[in-house]
Colleague: 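Here it is, the structure in full.
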Number of protein chains: 2
Amino acid sequence: MKITDVSIVPVLLSGGSGTRLWPLSRKSYPKQFAPLLGDLTLFQQAALRFAPDASQAGASPAFSAPLVVTGSDFRFIVVEQLAELGIDPGAVIIEPEGRNTAPAILTAAFYLMARDPDAIMLVAPSDHAIPDALAFREAVGRGLPAVEKGRIVTFGITPDRAETGYGYVELGARPAASEGPVDLVRFVEKPDSARAEAMCASGNFLWNAGIFLARAADMVEAFRLHAPDVVDPVAEALKKATADLGFLRLAPEEYARVPSISVDYAVMEKADNLAVVPFSAGWSDLGGWDAVWREQGADADGVALTGPAEAIGCTDTLLRAESDAQVLVGIGLDNIVAVAMPDAVLVAPKDRAQDVKLAVELLKKRGRAQAETLPRDYRPWGWYETLVLGPRFQVKRIVVHPGAALSLQSHHHRAEHWIVVEGTAKVTIDDTTQLVTENQSVYIPLGAVHRMENPGKVPMVLIEVQTGTYLGEDDIIRYEDVYARGQGAKG
Amino acid sequence: MKITDVSIVPVLLSGGSGTRLWPLSRKSYPKQFAPLLGDLTLFQQAALRFAPDASQAGASPAFSAPLVVTGSDFRFIVVEQLAELGIDPGAVIIEPEGRNTAPAILTAAFYLMARDPDAIMLVAPSDHAIPDALAFREAVGRGLPAVEKGRIVTFGITPDRAETGYGYVELGARPAASEGPVDLVRFVEKPDSARAEAMCASGNFLWNAGIFLARAADMVEAFRLHAPDVVDPVAEALKKATADLGFLRLAPEEYARVPSISVDYAVMEKADNLAVVPFSAGWSDLGGWDAVWREQGADADGVALTGPAEAIGCTDTLLRAESDAQVLVGIGLDNIVAVAMPDAVLVAPKDRAQDVKLAVELLKKRGRAQAETLPRDYRPWGWYETLVLGPRFQVKRIVVHPGAALSLQSHHHRAEHWIVVEGTAKVTIDDTTQLVTENQSVYIPLGAVHRMENPGKVPMVLIEVQTGTYLGEDDIIRYEDVYARGQGAKG
């Protein structure tokens, strides 16, 4: 079997939770799951880029269903966002905790190799922007001959500016205008600006995009050679992994023993079988609001707007109103980033974009929930958000996916009124089960054992009005839970 | 009777609706009614400044209950904000439409003169900041001897900078360090900066604060002399005014014929019986966010914060988070104003503060409600706000004052669920009346005639969940209304 005939498994790395795109990106809902550019989320764009049916074009290789490596908190978001695209994941592997890229990639390699000794993997972060998906798929295709020779192929982005925020890769000798794989001489850490200028001028240095194409077996072999301490604990964590509602959950104790290390440090900077495929059709790691401004596309004045944002006499400015219910107006601003959400607003000069992490640290110190969580809380069964929190009452909007169910539960300190406003709920209160449909309500007395399900084919939306002396999420006694969660745990 | 023994009637002008403090100040709820500086609103601070029991200090004159001139939309806000302070207004006169300051002042003068030929009025805008109330009351006291001589006394603010945003008054000759009334030579329009510098250097020019002390009869006489075209229509509008729930509502047709003109243009710039009392203890018209920054008090870096706002490495910057539920973070900002509200955010350089009106104009053009209205809607009986608006449902929080009642009404297109979360409601549905208390709910079927009242002594808070095909405020048939409103009018 010639290797270019086989299909490639996209390995989407989705465990990250960067703070540099706060307030849009939060630990509870990181940037890859947000519609940062366009209507789809970055994760969805990454999944579509390598979707099985996206490969009609001749020069583009075939892709299999994606393997997603993500965190426990995000597993249902992953499934939901793929379902919206009609993409069925080949597997969703859950890391009990994030250990940087090397363990995630090795886990995927082991997993794929066990199922197909010849499997080829394309390791791709899911929070990057690559506007021209077809061009990138073609670049992937150009990497296959090198993969056939046992190389690990990385993708090098032709720089369009002397960026100091990225690492670089140095290319070996290549035919003029070659687009094929070229030997990789070495990795260069993020440079100062003089060094960046020099590298860009030479034409022999490309940005390191952190995307890798290789046989799974070759990837494992590279780890065995260069990062042997990662190999055994990852193998153990995978061996003892448990299947959980269709997810593969790595064994927590074993995974906790895996060194937390990036694949660049662990393997790539040491390996001597690397090749680079140059790519010049546009790429960004969206590592800050300045990068978002650049990718989003500004007008002649350098102004980029999202949502109900208005710029009056502004230049080189990014104004993002993330909610339709909130207008953002900038007047006379130059080189400013302003991002408005109903619970949090950021304003900073564009060239201070990397300091946004300071805002997150400060808000954490202040004990502000906005540092890490969004008002909307995603759960296995759907999501909810608090609409108003009073001294002895709380109003929530709750959305339950078709077929999903909340746990059978009771509360010590609060009673609840439920009013269904869309769809139909199946409600169990103590020994009684009833259907509650649009414009109907039920009352859950304090202490009553109750459950809410959506038996229908459309999302069910319900308004919950809680009254009581204590309204914390941890006032919950759980009796049965299809999602196997415990007492006082989330949702 | 010696004039210094009589008490002075504060005339609080509260009809204005400036746009320069958007988004805090909106047409539906202008800045004087907002807690712009401190816990009290500017209107409350103005009322307290001249409150009857604020005059204990020896040098301070006595004040009567205030006369408030305001717009129809604000009449219940005026009463509510005074009630919070325990101040009983002497009268609340409602202008059917704003006609600038001259007609409002003449109306008050006529009104007071009719009740007491010797009445003395202190005309004060209610949206200014005067931090030292006692010092200002003493300055008012110093004006009384001039009033006794038939003068109109204005107050001139000792400039602390060459401000180009204010008009000035030129003083006549005065004894060194005199604090008493001095002849006013002339008014000077807002100057350019060279002229402002020169005036400040001379020491003979003070800012025109737009505050006037005079016998009501002398004020009327000044209008007769200098603005006779204002006199008759104002007199007619007052003569045909109607009493309405304790308010005095000027006759709309007559008032519409009154020229819209400021008291400075109409009278003061022409009168020759003016005196000035200098005042140097601090004053601002809060005419823009730059003025708010100045008055609010900045730290050593020039940073002023309100609410959950955080400044990281900022200088000369105002960051205001107007809601406890929304954090605002500024990083590395210089000379910036950022004001965040859950429905609207403004960011601008401080020296562009006067251009905020452009934002309001643009948002109006875009048809954005945020240009002129707040999410919270104030009504005679209390207020409400929309918590969430869905395709076929809407959730509102409704707060009803003790003793207040909504109109008896019905809707064609929606049913309502009411859940009481604080206090007790008296609910009428068709022929049945019941008490509904905390943690209880009622259902109002589509078409049912219903009313909500608060029979208790504390505010009643209720969550309303509407479902239906049309949820506009104008789907209302009103049967009885203690506030005398009509079909489809605001609820």
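Keep in mind it's a predicted model, so treat the numbers as computed, not measured. Residue numbering restarts at 1 for every chain, and letters A, B, ... go by the order of the sequence lines.
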Colleague: Between B/Ala359 and chain A, which part of the residue has a heavy atom less than 4.5 Å away: side chain, backbone, both or neither?
Modeller: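 Backbone plus side chain of B/Ala359, per the 4.5 Å heavy-atom cut-off to chain A.
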Colleague: Step through the shown structure and confirm whether more than 12 heavy atoms of other residues, nucleotides or ligands are within 6.0 Å of NE2 on A/His413.
Modeller: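 Yes, NE2 of A/His413 has more than 12 neighbouring heavy atoms, counting only those of other groups under 6.0 Å.
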Colleague: Given the options B/Ile312, B/Val347, B/Asp351, B/Leu358, which has more heavy-atom pairs under 4.5 Å with chain A than any of the others?
Modeller: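 Among the listed options, the one with the most contacts to chain A is B/Val347.
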Colleague: Heavy-atom distances under 4.5 Å only: say whether B/Ile419 touches chain A with side chain, backbone, both or neither.
Modeller: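 The side chain, not the backbone.
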Colleague: Please look at B/Leu319 and chain A and tell me whether the side chain, the backbone, both or neither of the residue comes under 4.5 angstrom of a heavy atom of that chain.
Modeller: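 For B/Leu319, no heavy atom lies under 4.5 Å from chain A.
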Colleague: Looking at B/Gly468, B/Ser323, B/Ala309, B/Pro308, which makes the most heavy-atom pairs under 4.5 Å with chain A?
Modeller: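 Highest number of heavy-atom pairs under 4.5 Å: B/Pro308.
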Colleague: At a heavy-atom separation under 4.5 Å, does B/Val461 approach chain A through its side chain, its backbone, both, or neither?
Modeller: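 For B/Val461, side-chain heavy atoms alone lie under 4.5 Å from chain A.
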Colleague: Under 4.5 Å from any heavy atom of chain B, what part of A/Glu422 do you find: side chain, backbone, both or neither?
Modeller: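 Just the side chain, heavy atoms under 4.5 Å.
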Colleague: For a 4.5 angstrom cut-off between non-hydrogen side-chain atoms, does B/Asp343 reach A/Val327?
Modeller: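 Of all side-chain heavy-atom pairs linking A/Val327 with B/Asp343, none is under 4.5 Å.
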Colleague: Could you tell me which non-hydrogen atom of B/Arg368 sits nearest to which non-hydrogen atom of A/Asp324, and how far apart they are?
Modeller: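 Of all heavy-atom pairs spanning B/Arg368 and A/Asp324, the closest is NH1-O, 3.6 Å.
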Colleague: From B/Leu387 CG over to A/Lys396 NZ, what is the distance, rounded to the nearest 0.5 angstrom?
Modeller: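 If I round to the nearest 0.5 Å, the distance is 14.5 Å.
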Colleague: Nearest 0.5 Å please: distance from the NZ atom of B/Lys357 over to the CD1 atom of A/Ile331.
Modeller: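 Here the interatomic distance stands at 9.5 Å.
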Colleague: Is it the backbone or the side chain of B/Glu361 that comes under 4.5 Å from a heavy atom of chain A, or both, or neither?
Modeller: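 Contact with chain A: none, neither part.
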Colleague: Let me know if B/Leu362 has heavy atoms under 4.5 Å from chain A in its side chain, its backbone, both or neither.
Modeller: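 For B/Leu362, side-chain heavy atoms alone lie under 4.5 Å from chain A.
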Colleague: Chain B: which of A/Ala338, A/Ser441, A/Cys314 shares the most heavy-atom pairs with it under 4.5 Å?
Modeller: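 Maximum pair count with chain B is reached by A/Ser441.
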Colleague: Using a strict 4.0 Å threshold on nitrogen-to-oxygen distance, state whether A/Arg366 and B/Glu310 make a salt bridge.
Modeller: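 So A/Arg366 pairs with B/Glu310 through a salt bridge.
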Colleague: What part of A/Leu389 is in contact with chain B, defined as an atom under 4.5 angstrom from a non-hydrogen atom: side chain, backbone, both or neither?
Modeller: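 No part of A/Leu389 comes within 4.5 Å of chain B.
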Colleague: I'd like to check A/Val329 versus B/Val345 (side-chain heavy atoms, cut-off strictly below 4.5 Å). Are they in contact?
Modeller: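 Of all side-chain heavy-atom pairs linking B/Val345 with A/Val329, none is under 4.5 Å.
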Colleague: What distance separates B/Ile336 CD1 from A/Leu333 CG, expressed to the nearest 0.5 Å?
Modeller: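 CG of A/Leu333 is found 5.5 Å from CD1 of B/Ile336.
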Colleague: Using heavy-atom distances under 4.5 Å, tell me whether A/Glu385 contacts chain B through its side chain, its backbone, both, or neither.
Modeller: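 Looking at A/Glu385, nothing touches chain B.
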Colleague: Please state whether the side chain, the backbone, both or neither of B/Glu438 comes within less than 4.5 Å of a heavy atom of chain A.
Modeller: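 Contact with chain A is through the side chain of B/Glu438 alone.
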Colleague: Donor-acceptor pair, distance only, cut-off 3.5 Å: does the side chain of B/Gln326 make one with the backbone of A/Met341?
Modeller: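 Judged by distance alone, yes, a pair lies under 3.5 Å.
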Colleague: May I ask you to test the A/Asn439-B/Phe393 pair for a side-chain heavy-atom distance under 4.5 Å?
Modeller: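 Counting from C-beta outward, A/Asn439 and B/Phe393 never come under 4.5 Å.
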Colleague: Based on non-hydrogen pairs under 4.5 Å, which of A/Ala344, A/Gly390, A/Pro391 is most in contact with chain B?
Modeller: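 Result: the option with the highest number of such pairs is A/Ala344.
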Colleague: Tell me, out of A/Val388, A/Val356, A/Asp355, A/Val337, who's got the most heavy-atom pairs with chain B below 4.5 Å.
Modeller: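 Highest number of pairs under 4.5 Å: A/Val388.
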Colleague: Which bit of B/Ile463 is near chain A, if near means a heavy-atom gap under 4.5 Å: side chain, backbone, both or neither?
Modeller: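 Side chain only.
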Colleague: Report the option among B/Pro23, B/Gly332, B/Gly330 that has the most heavy-atom pairs separated by less than 4.5 Å from atoms of chain A.
Modeller: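 Going by pairs under 4.5 Å, I would pick B/Gly332.
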Colleague: Between B/Gln370 and A/Ala325, what is the shortest heavy-atom contact and its length?
Modeller: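 What the structure gives for the nearest pair is NE2-O, 3.3 Å.
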Colleague: Is it the side chain or the backbone of A/Asn335 that comes within 4.5 Å of chain B heavy atoms, both, or neither?
Modeller: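 Nothing of A/Asn335, per the 4.5 Å heavy-atom cut-off to chain B.
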